[in-house]
Every structure is written in structure tokens, then in C-alpha cells.
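Keep in mind the model is a prediction, meaning the values are calculated, not measured.
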Amino acid sequence: MAKRVQVIHTDDIDGSEAAETISFALDGINYTIDLSADNAKTLRDAFAPYIAAGERERNAAGRRSGSGRRKSSGTAATDIRAWAAAQGMQVSSRGRVSAEVREAYERAHS
């Protein structure tokens, strides 16, 4: 007999179907939350000014903590998205960051 198991992630805020799981840390405590696309955007928009003003923590080896995945410019797309959102720029929450937004970020941080 064949079985089919389906896992459906539910938005932890409103109970709708979740689009992604987001990890974040605050006061040294790591959290994960399952969110719909709308709620994920709301969370990122809420964090954007704090991320833009904050500084990424460095690990013991002197490298920035995080996944280590970087675009060729050396800046993570999530950092650019947060900065762009804080500047009032239109930027998608997923996919490739446009060259225009990336260039504006580079100009502002050089």
C-alpha cells in the first residue's frame, strides 16, 4: 500500500499557509517563525530600519556571522533588501536584487 505524507507549514501569526521559515536572533536568543509572504514582508519591513542602522556581529575568526553565502559584491542580498526598504525603495522579498538597487547600496556604502 502506498502512502503520501504532506507537510503543510502554517503561519505562526494568522494561521494561513506559510510561505517560508524565517530565522532571527534578539538579545542572544535565536528564533524561527513560519510566515506567509505578507507577514514575512511585514516582519522584514519592521526590522529594516534597525538592520540598516545596526552592525553585523563578527565571529571569533573576524568574519561576519551568517550563512557565508555572498553575492559577488560581497554583500548579502538580505542586507541590501533591508537597506533599500529602509530607504523607501521598492524591492522584492525574494529573488534577485535589481542592479539598480544594488548599485544604490554600493554608492551609499562606499
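Atom CZ of Phe24 has more than 12 heavy atoms from other residues, nucleotides or ligands within 6.0 Å.
No path of Ile, Leu, Val, Met, Phe, Trp and Tyr side chains, each step under 4.5 Å between heavy atoms, connects Tyr50 with Leu26, placing them in separate hydrophobic clusters. Hydrophobic clustering of Ile, Leu, Val, Met, Phe, Trp and Tyr side chains at less than 4.5 Å, counting indirect connections, keeps Ile80 apart from Phe47.
Shortest non-hydrogen contact noted between Val91 and Ala85 is CG1-N, 4.3 Å. The minimum heavy-atom distance between Ala19 and Arg94, with the atom names listed, is O-NH1, 4.2 Å. Listed here is the closest heavy atom pair of Gly15 and Thr10: O-CG2, 3.2 Å. Smallest separation of non-hydrogen atoms from Ala86 and Ala52: CB-CB, 3.9 Å. Across all their heavy atoms, Met89 and Ala104 have their closest contact at CE-CB, 4.0 Å. Nearest heavy atoms, Ala108 versus Trp83: CB-CZ2, 3.5 Å.
In this structure the side chain of Ile51 never reaches within 4.5 angstrom of the side chain of Thr78, judged on heavy atoms. For the pair Arg44 and Ile22, the minimum side-chain heavy-atom distance is below 4.5 Å.
Using a distance-only test at 3.5 Å, with no hydrogens or angles considered, no donor-acceptor pair links the side chain of Asn30 to the main chain of Ala25.
The CG atom of Asn39 sits 10.5 Å away from the CD atom of Glu20 when rounded to the nearest 0.5 Å. The CD1 atom of Ile33 sits 13.5 Å away from the NE2 atom of His9 when rounded to the nearest 0.5 Å. Considering CD of Glu100 and CZ of Arg102, their distance stands at 13.0 Å, rounded to 0.5 Å.
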Using the side chain to side chain contact (heavy atoms under 4.5 Å, CB included) rule, take Thr42 and Leu35 through it: C-alpha gap first, then chi angles, then the decisive distance, then the call.
CA-CA 10 Å; Thr42 300; Leu35 296 174; over 6 Å; no

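With no hydrogens or angles considered, no side-chain donor-acceptor pair links Asp38 and Ser36 at under 3.5 Å.
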